[in-house]
Amino acid sequence: SNMVSTKAETSVDIHILDTNDNPPRFEKSFFIGNISETAAVGSLVLVNNTNPLVIKATDADSGLNALLLYEILEEHAKKYFSIDSSTGAIRTIAGLDYESQTFFEFNVRVSDMGRPRLSAETTANVKIFIQDENDSPPVFDENEYFFEGHFPNNPIVPGVVIVEAMAQTAGVVVSENIITVSYTHLR
């Protein structure tokens, strides 16, 4: 048998394995959201009161090397918010109070799940504004107010006087409160 002109063919599949050589990158460096102070615990923080605030990053690798893990860095913010470690969505984990804190500002780190684990070169800055709601009734500084005076140019209507008073709602001056005050006319 002569094998000089014999020929053989075969197919070979070559699988190229990804090396974790690309760190994640945030889509932008600054994210802004808002939430009502009366939102229930577990509520999503929103963007312009419509869509959920989602911190987004990308990774040019594939497989586990491209799976991302998000983390809030500041301890104070972690008391009020959590970030879904895989999606980047931010939720409340405690009640909020505009009168105590009007906004939160913190940083988020993103890392991939590859080996070695790579993190973005920078963090994303997040600012969440708390929306004030009418949840605190006005409170006067004193329980009773006494006035002693004489009104020579003003007619006095026996029985009731209408006056304007200032009240505060946890630091916000409210001046539209009209109170009715009863008095006794002394001669």
Side-chain angles (χ1 to χ4, degrees), residues 1-136 169-172:
S1 78
N2 184 357
M3 302 205 23
V4 174
S5 62
T6 306
K7 178 172 139 181
E9 285 187 29
T10 188
S11 293
V12 178
D13 290 329
I14 299 174
H15 296 276
I16 299 173
L17 300 176
D18 183 40
T19 299
N20 194 25
D21 56 348
N22 295 293
R25 298 181 98 123
F26 285 105
E27 290 186 4
K28 56 187 183 178
S29 61
F30 192 68
F31 294 84
I32 297 176
N34 60 291
I35 190 162
S36 168
E37 69 176 328
T38 58
V41 172
S43 296
L44 286 168
V45 175
L46 302 176
V47 176
N48 298 324
N49 295 321
T50 54
N51 298 318
L53 172 64
V54 178
I55 311 306
K56 292 184 181 178
T58 58
D59 192 310
D61 291 315
S62 63
L64 279 177
N65 298 333
L67 290 178
L68 301 179
L69 179 69
Y70 297 91
E71 176 187 12
I72 295 173
L73 297 179
E74 283 75 18
E75 291 302 318
H76 180 68
K78 288 182 187 180
K79 294 177 185 176
Y80 295 92
F81 301 100
S82 68
I83 188 165
D84 185 298
S85 62
S86 59
T87 68
I90 297 178
R91 294 182 179 276
T92 60
I93 57 170
L96 302 169
D97 183 29
Y98 175 88
E99 287 75 22
S100 299
Q101 188 163 355
T102 59
F103 70 91
F104 290 81
E105 191 165 8
F106 54 90
N107 292 293
V108 170
R109 175 175 44 221
V110 63
S111 304
D112 61 32
M113 300 293 285
R115 287 214 174 113
R117 179 174 279 183
L118 299 177
S119 296
E121 294 176 6
T122 60
T123 59
N125 183 263
V126 179
K127 192 167 189 177
I128 299 173
F129 291 93
I130 309 305
Q131 295 170 319
D132 191 21
E133 302 292 343
N134 189 16
D135 63 338
S136 300
T169 304
V172 178

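The structure presented is a predicted model; accordingly, all values stated were derived computationally and were not measured.
Put simply, the side chain of Glu74 gets close to the backbone of Asn107: a donor and an acceptor are under 3.5 Å apart. Without hydrogens or angle criteria, Thr92 side chain to Phe81 main chain gives no donor-acceptor distance under 3.5 Å. A donor-acceptor pair under 3.5 Å is absent between the side-chain atoms of Glu133 and the main chain of Thr38, judged by distance alone. A donor-acceptor pair under 3.5 Å is absent between the side-chain atoms of Arg91 and the main chain of Ser82, judged by distance alone. In this structure a side-chain-to-backbone donor-acceptor pair under 3.5 Å is missing from Asn48 to Thr50.
No side-chain heavy atom of Asp112 sits under 4.5 Å from any side-chain heavy atom of Leu67. Using a 4.5 Å heavy-atom cutoff, the side chains of Leu69 and Val110 are not in contact. In this structure, the side chains of Ile83 and Ile90 come closer than 4.5 Å at one or more pairs of heavy atoms. Between Leu53 and Phe31 there is a side-chain heavy-atom pair separated by less than 4.5 Å. With contacts defined as side-chain heavy-atom distances shorter than 4.5 Å, the pair Asp132/Glu99 qualifies. Side-chain contact between Asn51 and Leu46 is absent, with no heavy-atom pair separated by less than 4.5 Å.
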(request) Decide yes or no on side-chain contact (heavy atoms from CB on, under 4.5 Å) for Asp135 and Glu37, but give the supporting numbers first. (result) CA-CA 9 Å; Asp135 63 338; Glu37 69 176 328; 3.0 Å; yes
(request) For Phe106 and Ile128, run side-chain contact (heavy atoms from CB on, under 4.5 Å): C-alpha distance rounded to whole Å, both residues' side-chain angles, the deciding distance at 0.1 Å, then the answer. (result) CA-CA 9 Å; Phe106 54 90; Ile128 299 173; 3.8 Å; yes
(message) Quick one, Asp18 with Asn65, criterion side chain to side chain donor-acceptor pair (under 3.5 Å). Give me CA distance, side-chain angles, the key distance, then yes/no.
(response) CA-CA 8 Å; Asp18 183 40; Asn65 298 333; 3.2 Å; yes
(request) Could you check Phe129 against Lys127 for side-chain contact (heavy atoms from CB on, under 4.5 Å), going step by step and ending with a plain yes or no? (result) CA-CA 7 Å; Phe129 291 93; Lys127 192 167 189 177; 3.6 Å; yes
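With no hydrogens or angles considered, no side-chain donor-acceptor pair links His76 and Glu105 at under 3.5 Å. In this structure, a donor-acceptor pair under 3.5 Å is present between the side chains of Asn34 and Asn49. Counting only N and O atoms by type, the side chains of Ser86 and Asp84 include a donor and acceptor under 3.5 Å apart.
Note that CZ of Arg109 and CG of Leu73 are 5.0 Å apart. Values are rounded to the nearest 0.5 Å. One finds the CZ atom of Arg25 at 8.0 Å from the OG1 atom of Thr58 (value rounded to the nearest 0.5 Å). With rounding to the nearest 0.5 Å, the separation of CD1 in Ile130 from CZ in Phe104 is 5.0 Å. Distance check: Leu118 CG to Asp61 CG gives 7.5 Å after rounding to the nearest 0.5 Å. Atom-to-atom distance recorded for Ile55:CD1 and Ile72:CD1 is 8.5 Å, nearest 0.5 angstrom. The line from CD of Gln131 to CD1 of Ile35 is 8.5 Å long, rounded to the nearest 0.5 Å.
When all heavy atoms of Ser111 and Ser119 are compared, the pair lying nearest together is OG-OG, 2.7 Å.
Ring geometry for Tyr70 versus Phe26: interplanar angle of 30 to 60°, hence tilted.
The 12-atom threshold is not exceeded at NZ of Lys56, counting heavy atoms of other residues, nucleotides or ligands nearer than 6.0 Å.
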